[in-house]
Colleague: 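Encoded as structure tokens, here's the structure I'll be asking about.
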There are 2 protein chains.
Amino acid sequence: MSTMDPIGQRQTAQRRAIREVILTARRPLTASEILTEAGGSLPGLGIATVYRTVNLLMEAGWVKSVRLPGEPSRFEPADGGHHHFFQCTACGLTFRVAGCAGALEALVPDGFHVEGHEIVLYGTCQGCSRS
Amino acid sequence: MSTMDPIGQRQTAQRRAIREVILTARRPLTASEILTEAGGSLPGLGIATVYRTVNLLMEAGWVKSVRLPGEPSRFEPADGGHHHFFQCTACGLTFRVAGCAGALEALVPDGFHVEGHEIVLYGTCQGCSRS
DNA sequence: ATAGGTGCAAACAGTTTGCATGTAT
DNA sequence: ATACATGCAAACTGTTTGCACCTAT
């Protein structure tokens with residue numbers, strides 16, 4: 001899967017722009033953040049196109065969604081490896097956390113099969129803890 | 001805090017019914033599930049009252065909200081102890097999971113303070129794994 | 001009597017969808 | 001040329017809010 005692979009059936013400026021914005025961002029972006037970013041070079045870009053393209057990118061395996069409880073969906077490159085998130089309760093910023101607590105299978109009763117998990121940590125970030 | 005403590009300033013049939021529905025349910029309920037349940041004995045009950053009462057119950061410490069990523073809020077008694085959730089990817093049912101993976105503080109860099117966390121396990125439940 | 005609560009409808013955010021227009025192929 | 005993509009607006013879900021009416025105190 002190279003950068004030149006088409007998304008869907010056709011290459012369009014919108015799809016290229018949206019993919020680039022997500023792939024070059026250093027944090028997961030919401031749909032409206034993507035609209036703002038990509039809309040800079042593509043006046044008239046609509047939120048529906050962002051959602052349609054993001055869904056296409058997810059089906060194609062380029063992008064995955066990050067869903068923090070009570071937060072709008074964010075989108076990030078799918079190849080970022082397994083990680084979780086830390087959300088600062090003071091400033092609201094969301095940080096990526098590299099590690100992962102294992103042994104989660106042990107938590108469920110017999111007959112249940114754990115295939116995946118989501119962990120969100122809450123607390124105060126570096127900046128907010130200091131002040 | 002006894003069962004007779006008022007919620008807000010006044011006791012009303014709606015508030016009593018909504019509280020009882022949440023406190024006697026054996027799984028967390030969405031606002032519309034609460035409306036359906038409590039609405040049985042209170043025809044005309046509105047969804048706005050459910051939300052207003054649930055928010056009041058949360059402020060009062062009776063109830064807490066369960067927010068699974070991408071799911072509508074659910075509400076459960078606040079005194080249920082620390083636990084997490086397992087959501088079946090086949091049938092969609094949500095189960096409570098008693099245990100908890102510790103050592104989550106180790107995942108964040110120096111300067112970050114972990115105050116809480118949320119863990120959601122995904123997989124197949126007992127019934128769906130069998131078939 | 002009156003502050004506070006309720007129901008309804010409107011408003012709101014996030015997301016999806018229908019449709020006529022536009023465009024990559 | 002034509003099937004696919006876009007933009008807009010409408011629809012939809014979950015949640016909150018404004019307001020006139022109602023009720024526990």
Side-chain angles (χ1 to χ4, degrees), chain A residues 4-22 28-60 62-76 87 92 94, chain B residues 4-22 28-60 62-76 87 92 94:
Chain A
M4 288 299 106
D5 285 341
I7 313 162
Q9 282 70 52
R10 294 180 188 182
Q11 289 209 36
T12 65
Q14 290 82 334
R15 289 178 175 180
R16 263 177 262 123
I18 291 167
R19 176 168 62 186
E20 285 318 297
V21 165
I22 298 173
L29 302 176
T30 63
S32 45
E33 286 170 337
I34 296 168
L35 178 65
T36 304
E37 290 284 318
S41 45
L42 274 152
L45 179 64
I47 191 74
T49 299
V50 173
Y51 278 108
R52 281 189 279 234
T53 303
V54 153
N55 287 334
L56 228 32
L57 287 165
M58 288 197 289
E59 283 166 32
W62 280 93
V63 160
K64 64 186 172 194
S65 71
V66 175
R67 323 208 58 168
L68 305 195
E71 296 274 307
S73 296
R74 288 172 221 272
F75 306 94
E76 65 172 6
Q87 189 163 42
T94 299
Chain B
M4 288 299 104
D5 283 343
I7 313 162
Q9 282 70 53
R10 294 179 188 183
Q11 288 210 35
T12 65
Q14 290 83 335
R15 289 178 174 181
R16 263 177 263 122
I18 290 167
R19 176 167 62 186
E20 284 318 297
V21 165
I22 298 173
L29 302 175
T30 62
S32 43
E33 286 169 337
I34 296 169
L35 178 65
T36 305
E37 291 283 319
S41 46
L42 274 152
L45 179 63
I47 192 73
T49 299
V50 172
Y51 278 107
R52 282 189 279 232
T53 302
V54 153
N55 287 333
L56 229 33
L57 286 165
M58 288 196 292
E59 282 166 33
W62 280 93
V63 161
K64 64 185 170 197
S65 71
V66 175
R67 322 209 60 170
L68 305 194
E71 296 274 307
S73 295
R74 290 176 165 81
F75 306 94
E76 65 172 7
Q87 188 163 44
T94 299

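The figures here come from the full heavy-atom set of this structure, side chains too, leaving out hydrogens, waters and symmetry mates. Since the model is a prediction, treat every value here as computed from it, not as a measurement. Note on naming: letters A, B, ... go to the chains in the order of the sequence lines (proteins, then strands), and numbering restarts at 1 for each one.
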Colleague: In this structure, how many angstroms lie between the P atom of dT15(D) and the CD1 atom of Ile34(B), rounded?
Modeller: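 Going from CD1 in Ile34(B) over to P in dT15(D) covers 10 Å.
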Colleague: Check whether Ser41(B) reaches the backbone of Ala38(B) with its side chain - one donor and one acceptor, N or O, closer than 3.5 Å.
Modeller: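 Here the side-chain-to-backbone pair exists.
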Colleague: Measure across Ile22(A) and Phe75(A) and return the closest heavy-atom pair with its distance rounded to 0.1 Å.
Modeller: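 For Ile22(A) and Phe75(A), the tightest heavy-atom pair comes out as CG2-O, 4.0 Å.
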Colleague: Does dT23(C) have OP1 or OP2 sitting under 4.0 Å from an N or O in the side chain of Gln14(A)?
Modeller: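 So the side chain of Gln14(A) is outside the cut-off, no N or O lying under 4.0 Å from OP1 or OP2 of dT23(C).
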Colleague: Quickly work out the Glu71(B) CD to dT13(D) C1' distance and round it to whole Å.
Modeller: 13 Å
Colleague: Going through the distances and angles, do Thr49(B) and Thr12(B) end up as a side-chain contact (heavy atoms from CB on, under 4.5 Å)?
Modeller: CA-CA 11 Å; Thr49(B) 299; Thr12(B) 65; over 6 Å; no
Colleague: Indicate, yes or no, whether a donor-acceptor pair under 3.5 Å links the base of dG4(C) to the side chain of Arg10(B).
Modeller: yes
Colleague: Does Leu68(A) offer a backbone N or O that forms a donor-acceptor pair with the side chain of Arg74(A) under 3.5 Å?
Modeller: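 Not confirmed, Arg74(A) side chain does not pair with Leu68(A) backbone.
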Colleague: Tell me what Arg15(B) touches on the nucleic acid: a base, only sugar-phosphate, or nothing, going by heavy atoms under 4.0 Å.
Modeller: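 Sugar-phosphate contact only - Arg15(B) comes under 4.0 Å of backbone atoms but never of a base.
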Colleague: What integer distance in Å separates Phe75(A):CZ from dT15(C):C1'?
Modeller: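 Checked: the CZ to C1' distance equals 9 Å.
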Colleague: List the steps and the verdict of side-chain contact (heavy atoms from CB on, under 4.5 Å) for Leu56(A) and Glu59(A).
Modeller: CA-CA 5 Å; Leu56(A) 228 32; Glu59(A) 283 166 32; 4.2 Å; yes
Colleague: Give a yes/no answer on whether the side chain of Gln11(B) brings an N or O atom under 4.0 Å of OP1 or OP2 in dT23(D).
Modeller: no
Colleague: Which whole-number value in Å describes the distance from Ile47(A) CD1 to dG14(C) P?
Modeller: 9 Å
Colleague: Nearest-Å distance, CG (Leu29(A)) to P (dG14(C))?
Modeller: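 Whole-Å distance recorded here is 14 Å.
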Colleague: Between Gln9(A) and dT25(C), is there a contact of a side-chain N or O with OP1 or OP2 at under 4.0 Å?
Modeller: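 For Gln9(A), the contact criterion (side-chain N or O under 4.0 Å from OP1 or OP2 of dT25(C)) is not met.
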Colleague: Please check the phosphate of dG14(D) (OP1 and OP2 only) for any side-chain N or O of Ser73(B) closer than 4.0 Å.
Modeller: no
Colleague: Mind calculating the distance between CD (Glu33(B)) and P (dT15(D)) to the nearest angstrom?
Modeller: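 Spelled out: CD on Glu33(B) to P on dT15(D) is 11 Å.
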Colleague: Taking only side-chain nitrogens and oxygens of Thr12(A), does any of them come within less than 4.0 Å of OP1 or OP2 of dT6(D)?
Modeller: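 Indeed, a polar side-chain atom of Thr12(A) lies that close.
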Colleague: Under 3.5 Å, is there any donor-acceptor pair linking the side chain of Arg52(A) to the base of dG18(C)?
Modeller: yes
Colleague: Quickly work out the Ile18(B) CD1 to dT15(D) P distance and round it to whole Å.
Modeller: 14 Å
Colleague: Start at the 5' end of DNA chain D and walk down; is the nucleotide closest to Ala13(B) or to Asn55(B) reached first?
Modeller: Asn55(B)
Colleague: What's the closest nucleotide to the Pro72(B) side chain, out of dT15(D), dA9(D), dT17(D)?
Modeller: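 Nearest listed nucleotide: dT15(D).
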Colleague: Figure out the CG/P separation between Leu42(B) and dC8(C), and round it to whole Å.
Modeller: 12 Å
Colleague: Respond yes when some side-chain nitrogen or oxygen of Tyr51(A) is under 4.0 Å from OP1 or OP2 of dT16(C), and no when none is.
Modeller: no
